[in-house]
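See structure below.
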Amino acid sequence: MANLKTPDKTLGEGLREIGLSRRGFLKFCAATASMMALPPNLVPAIAAALEQARRPSVIWLSFQECTGCTESLTRSHSPSVENLILDLVSLDYHHTLQAAAGEAAEEARLQAMEANRGQYLVIVDGSIPGPDANPGYSTVAGHSNYDILMETVEHAAAVIAVGTCAAFGGLPQAKPNPTGAMSVMDLVHDKPVINVSGCPPIPMVITGVLAHYLTFGRLPELDAYRRPMAFYGQSIHDRCYRRPFYDKGLFAESFDDAGAKLGWCLYRLGCKGPTTYNACATMRWNSGTSWPVESGHPCLGCSEPGFWDDAGFYEPVSVPIGVTSKTLIEGAAVGAVAGAGIAALARKAKKEAVANRQPVTIDELEQKL
Amino acid sequence: MSELTLERGLAAFRAEIDAPTAAFFSSCVHCGVCAQSCPFYLETGDPKYTPILKLEPLRLIWEAEFTLWGRIKGLLGLQEKVTDAMLAEWEELLYDSCSMCGRCSMVCPVGNDLAYMIRKSREGMVQAGHAPEGLINASIRAVTTGSPMGLQWKTLAVQIKHVEASTGLEVPVDKTGAEYLVMLSSMEVINFPEYLEAITKIFDHAGVTWTLSTQCFEATNAGIQIGNKDIAAQLVERVVAAAETLKVSKVISPECGHAFTAIRWEGPNLIGRPYPFRVFHIVEVLDELRATGRIQTEGKEDDRLSMHDPCNLARKSGVIQQQRNLIDLVAEDFVDMNEHGRFQWCCGAGGGVSSNERAEELKMAAFKRKKAQIEEVAPERMVTMCATCRTQLEEGLEEYNMDIPVIGLTEMIADHLVEKPRAAAEHDAEA
Amino acid sequence: MSGLDQIPVTIESSASCSARSRDFGNAPAVLNQIRDALERLVSSGEETCIDLNAMPFGPGDLERLTELLGTGEAEASVEALGPTRIRETGIPGVWLVDYLNAEGQRLTLHVEIATVPQILRPQPQDLACAIERLDARLTRLRDPAHSPLSS
Amino acid sequence: MSGAMGFLLWVKGPMFNIALAIFAIGLIARLVEIFLLGRAPNYAEPRAGEWGPGLRTMLSRTIADPGTFKRAPFNVVVGWVWHIGFLIALLLFIPHIELFKGVLGLYWPGLPNPVVDLVTAVTLITLLATLVHRLWHPVKRRISTTEDYLVWTIVFMVVLTGYLAYHRLVEPYPLALGMHILSAELMLIMLPFTKLTHIFTAFIARWYNGAAFGRKGVQS
């Protein structure tokens with residue numbers, strides 16, 4: 001982390017320098033394409049682009065978070081490629097990983113910002129107590145998260161919000177949101193913000209986004225929640241290998257019934273796959289070993305806004321939130337009172353009509369002839 | 001001097017709304033199936049005769065005053081109001097084009113009893129001064145003279161003399177303690193005097209004690225047809241008073257549909273108390289006599305006969321099998337219409353339509369449905385048991401040049417009585 | 001601690017463990033994709049590469065696919081950034097290319113429909129300096145001062 | 001939070017509660033309005049009881065008499081098909097059963113999704129047919145009010161959005177599902193104040209009809 005200036009060497013030159021053969025480079029590109037969820041026929045284009053790419057400076061800010069996102073990234077199990085990607089960025093500031101501490105650490109951040117003004121990337125994990133919240137809920141070196149964020153992003157090229165907390169507020173923002181937590185995109189409006197949501201995000205997705213930036217020098221195509229389409233373009237449900245069981249109407253109804261053992265759809269056990277957009281079904285976890293649904297557990301929907309405040313992890317998608325028959329009963333009670341009121345009015349009017357009724361007489365009828 | 005006003009009309013509509021009415025209006029989905037059961041719509045093809053549409057004034061009052069949403073709409077000024085002009089427009093729909101046959105009540109998929117609500121709507125119409133002239137006149141005559149046609153006892157007395165002369169039997173009048181008080185309809189007395197002769201013979205044959213009452217002989221009720229409780233109750237009270245005076249235990253309603261509805265079903269509610277006697281239609285009484293073997297007949301009609309069920313008797317009172325039992329006794333070739341009994345079609349004249357002169361054209365249009373039914377089974381003669389239906393059938397068949405005579409069921413039975421087994425029958429009865 | 005052994009434990013037979021010998025029906029779809037690619041290869045020489053990592057496979061699907069493809073005659077290995085194992089399938093022109101890292105973990109798995117997989121061919125840039133490199137060796141051969149051979 | 005997921009959480013949460021409350025208030029108010037009106041005492045001697053015929057009519061009116069079937073076959077057949085289709089989709093689709101289970105605690109077996117899917121498609125087609133019929137048939141056109149078209153629209157929207165959501169024809173899915181739930185909520189809100197009340201009151205109406213006729217000795 002000594003060299004804070006972005007080197008002038010291209011990525012291709014750098015890789016060649018560390019002794020990577022052209023076949024090795026090709027393999028690296030194939031793995032990168034896979035990681036970016038791009039089709040293999042783009043490998044030559046990726047190779048050409050990576051050949052010319054330059055190493056960016058990255059500042060990683062951690063706010064109200066659990067370090068799960070960093071853990072996810074650093075404990076990923078195909079280190080050679082992802083490490084290569086990480087080695088190819090200049091990670092100039094990261095609380096958990098940097099050797100420097102105290103004022104030296106903050107100095108490193110300011111230096112990196114100064115040296116790469118307008119070009120560095122900011123990665124944020126964790127949500128931020130908003131400008132109106134008590135800043136004391138989360139500070140670094142006596143500065144509020146909000147101030148640090150705003151100061152750091154001011155001259156950034158782009159901001160990548162890693163993890164659901166940074167992307168959407170996540171767990172800290174769950175009701176009743178005591179810290180007034182906000183997401184990065186709630187606060188940063190004048191810089192490109194990319195959300196890499198998930199609790200945590202799939203490590204390959206984090207590096208995939210970096211690789212994309214590295215490869216093409218620009219941000220990937222984003223969805224309505226500013227998530228890269230390549231990873232968040234399709235729902236878990238649409239890519240789930242258990243989907244055919246949903247279509248046939250075959251559901252596990254408890255975690256140990258015959259349906260569960262046969263690998264049937266987990267919709268009824270609360271799977272949020274239908275409303276969740278992420279790449280788990282294809283990228284999988286733990287080096288492609290498995291993913292929640294494959295292990296027999298419903299998707300929690302961790303990459304979606306408000307996932308913590310949805311009806312409950314084991315409530316199916318169709319179940320309303322916080323609604324019980326109590327609402328019905330209370331409504332019915334009010335209705336009974338209202339109905340009785342209307343009926344009383346009507347009965348009173350009816351009674352009056354009967355009491356004041358004038359019998360029809362022959363004379364009256366005759367007048368009408 | 002008091003007069004009939006919109007306010008009185010609205011109050012009367014209001015007073016008529018009850019739980020069934022509210023349930024019915026809550027349920028209507030505007031499917032239009034009721035139109036498919038209404039001869040007035042089917043034979044004119046004019047959608048304004050759709051039964052549910054005829055109830056719009058009553059529905060508006062229900063919505064405005066009896067529902068939460070209507071109250072909210074009222075506060076927002078969105079609720080449509082019933083006006084005098086509207087009622088004037090609806091007069092034709094509620095009277096001229098509705099015989100209250102109740103067929104729509106039988107087919108409505110959500111179960112709305114539309115005829116029930118037509119009856120209620122007419123209460124409001126009368127109070128608002130929107131009843132047809134023909135029915136007003138009939139009501140005035142009924143109240144003032146005792147008969148909607150202005151008929152008086154002296155006319156009936158002449159008939160009685162004729163009957164006694166031709167049968168050699170006594171027609172009992174004002175006989176206290178007789179079993180049955182026989183009521184008549186003016187139309188029978190004028191158009192179908194055969195009826196009186198027929199029951200005289202049958203009751204003599206069966207050994208039934210009966211009587212007419214000089215105090216009241218008229219069973220029809222113009223108040224029911226125009227739709228006014230006050231007049232209807234007055235007329236019912238006369239029947240009840242006559243029955244109580246003569247201490248009879250049973251009252252016989254004549255061959256007239258609405259008269260039966262009036263004294264059998266509405267009467268006790270109009271006067272607000274149960275009767276001290278029971279009420280039967282003549283057909284019910286005859287079938288009872290048949291069942292107990294008190295009527296012995298001989299010979300059978302051999303021409304092809306079919307039958308018209310009066311709406312008030314069949315669909316609206318459940319007398320359906322009795323007339324078939326009786327006709328089987330005296331007819332060899334009886335054929336029922338395709339839709340009969342509770343699903344029969346109205347002749348078009350009921351519900352006051354026949355007393356409403358200006359509805360003549362609609363009445364004859366509605367008859368076409370009956371005509372089509374008759375043509376389907378092609379009988380040589382028609383049998384019925386309601387003077388209004390019978391008149392309508394005769395007029396209608398003549399209008400369309402169909403040579404199909406119409407006869408009353410009671411007369412037909414009387415024609416086939418065994419001449420001399422009277423002593424034996426009496427003996428049996430006593431045994 | 002003694003409470004632990006009170007928890008009832010049942011061991012279920014492997015038959016009820018469903019992940020084995022069962023697939024979720026994704027293999028045939030990929031086979032059809034391979035067939036289309038083969039047709040293109042035969043008619044126009046166009047090569048295709050399919051990333052099996054991007055397939056929403058369920059447990060057993062991949063095994064079923066490789067089983068259906070079978071094993072061919074050729075096998076190769078490339079040592080660069082960890083091993084890459086190349087295997088011809090029972091269908092000529094259809095190759096399985098398994099990219100592994102130094103620890104033997106899979107980076108990605110491709111099906112290549114080509115006469116020879118991309119990674120086995122010398123790279124154009126390498127080919128460009130091949131003569132140069134060979135010339136250097138020839139020079140060395142003529143100049144005994146530079147033996148022994150090494151690259 | 002905004003966007004499709006925010007919308008979905010809103011319709012699943014606060015909006016659902018609002019809709020359910022309005023539905024409960026309106027429906028109970030309507031039922032109380034009806035029953036508190038009561039009926040006048042009936043002094044006429046009955047031929048038969050009211051309960052038996054009333055209960056029978058509650059069921060028997062579901063099937064049209066042969067004459068009506070002949071005269072209005074479209075009404076009868078299309079009405080039947082779409083009502084049954086709607087009920088199957090509402091009550092036997094597994095996600096809906098989960099909803100009932102979540103709110104009422106009651107549940108029952110469902111049908112396989114492809115069956116419900118087919119039924120839904122048929123329901124959509126028949127609903128369109130009812131609209132065409134309403135616009136075309138002179139009686140229906142004459143008696144139709146704004147409310148009829150409004151109710152048709154909401155019912156159609158409920159089925160259509162459900163169909164679109166199931167087939168994931170609208171992206172993102174939370175938006176599709178949210179629109180479906182919102183349509184259903186609007187229907188729930190409108191139910192007690194429009195002719196949709198017949199879902200409940202038709203059975204009351206049928207009972208009164210059956211009772212009135214039954215008392216007079218006729219099974220209506």
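Just so it is clear: chains get the letters A, B, ... in the order the sequence lines come, proteins before strands, and each one is counted from 1.
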Over all atoms of both residues, closest heavy-atom pair of [X] and [Y]:
{"X": "B:Ala22", "Y": "D:Ile34", "answer": "CB-CG1, 3.8 Å"}
{"X": "D:Tyr43", "Y": "B:Asn269", "answer": "N-OD1, 2.6 Å"}
{"X": "B:Pro20", "Y": "D:Gly38", "answer": "CD-O, 4.1 Å"}
{"X": "D:Ala29", "Y": "B:Leu68", "answer": "CB-CD2, 4.2 Å"}
{"X": "B:His30", "Y": "D:Thr145", "answer": "CE1-CG2, 3.9 Å"}
{"X": "B:Val29", "Y": "D:His198", "answer": "CG1-ND1, 3.2 Å"}

Go through the atoms of [X] and report whether side chain, backbone, both or neither lie under 4.5 Å from a heavy atom of chain B.
{"X": "D:Pro41", "answer": "backbone"}
{"X": "D:His133", "answer": "neither"}
{"X": "D:Asn75", "answer": "side chain"}
{"X": "D:Arg30", "answer": "side chain"}

Below 4.5 Å from any heavy atom of chain D, which atoms of [X] appear? Answer side chain, backbone, both or neither.
{"X": "B:Arg273", "result": "backbone"}
{"X": "B:Cys34", "result": "neither"}
{"X": "B:Tyr49", "result": "neither"}
{"X": "B:Cys31", "result": "both"}
{"X": "B:Ile17", "result": "both"}
{"X": "B:Gln36", "result": "both"}
{"X": "B:Phe24", "result": "both"}
{"X": "B:Ile72", "result": "neither"}

State the [atom1]-[atom2] distance between [X] and [Y], to the nearest 0.5 angstrom.
{"X": "B:Trp265", "Y": "D:Glu45", "atom1": "CH2", "atom2": "CD", "result": "7.5 Å"}
{"X": "B:Ser37", "Y": "D:Asp65", "atom1": "OG", "atom2": "CG", "result": "9.0 Å"}
{"X": "D:Leu27", "Y": "B:Ser26", "atom1": "CG", "atom2": "OG", "result": "10.0 Å"}

*Counting heavy-atom pairs under 4.5 Å to chain B, which of D:Ile204, D:Thr197, D:Thr68, D:Asp148 comes out on top?*
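The residue among D:Ile204, D:Thr197, D:Thr68, D:Asp148 with the greatest pair count is D:Asp148.
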*Winner by heavy-atom pair count (cut-off under 4.5 Å) against chain B, out of D:Glu147, D:Arg71, D:Lys195*: D:Arg71
_Heavy-atom contacts under 4.5 Å, residues 210-220 of chain D to chain B_ =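 Near chain B, by residue number: D:Ala212, D:Phe213, D:Arg215, D:Lys216, D:Gly217, D:Val218, D:Gln219, D:Ser220.
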Out of [options], which one racks up the most heavy-atom pairs below 4.5 Å with chain D?
{"options": "B:Asp113, B:Ile52, B:Thr21", "result": "B:Asp113"}
{"options": "B:Arg278, B:Glu63, B:Glu266", "result": "B:Arg278"}
{"options": "B:Gly102, B:Gly70, B:Gly272, B:Gly267", "result": "B:Gly272"}
{"options": "B:Gly32, B:Cys108, B:Gly45", "result": "B:Cys108"}
{"options": "B:Ala314, B:Ala23, B:Ala35", "result": "B:Ala23"}
{"options": "B:Glu56, B:Glu284, B:Lys48", "result": "B:Glu284"}

*Are more than 12 heavy atoms from other residues, nucleotides or ligands located less than 6.0 Å from atom CZ of D:Phe74?*
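Yes, the 6.0 Å shell around CZ holds more than 12 heavy atoms from other groups.
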What I'd like to find out is whether the side chain of [X] reaches to under 4.5 Å of the side chain of [Y], using heavy atoms alone.
{"X": "B:Trp69", "Y": "D:Thr194", "value": "no"}
{"X": "B:Pro47", "Y": "D:Arg141", "value": "no"}
{"X": "B:Val319", "Y": "D:Arg47", "value": "yes"}

Would a distance-only check, ignoring hydrogens and angles, find a side-chain to backbone donor-acceptor pair under 3.5 Å from [X] to [Y]?
{"X": "B:Asp18", "Y": "D:Leu37", "answer": "no"}
{"X": "D:Asn209", "Y": "B:Ser105", "answer": "yes"}
{"X": "D:Arg61", "Y": "B:Met106", "answer": "yes"}

*asked:* One thing to verify: whether D:Lys70 and B:Glu339 come together as a salt bridge, which I'm taking to mean a side-chain N less than 4.0 angstrom from a carboxylate O.
replied: no
*Does a side chain donor of either B:Thr50 or D:Arg142 reach within less than 3.5 Å of an acceptor in the other side chain?*
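Judged by distance alone, the side chains do not pair up.
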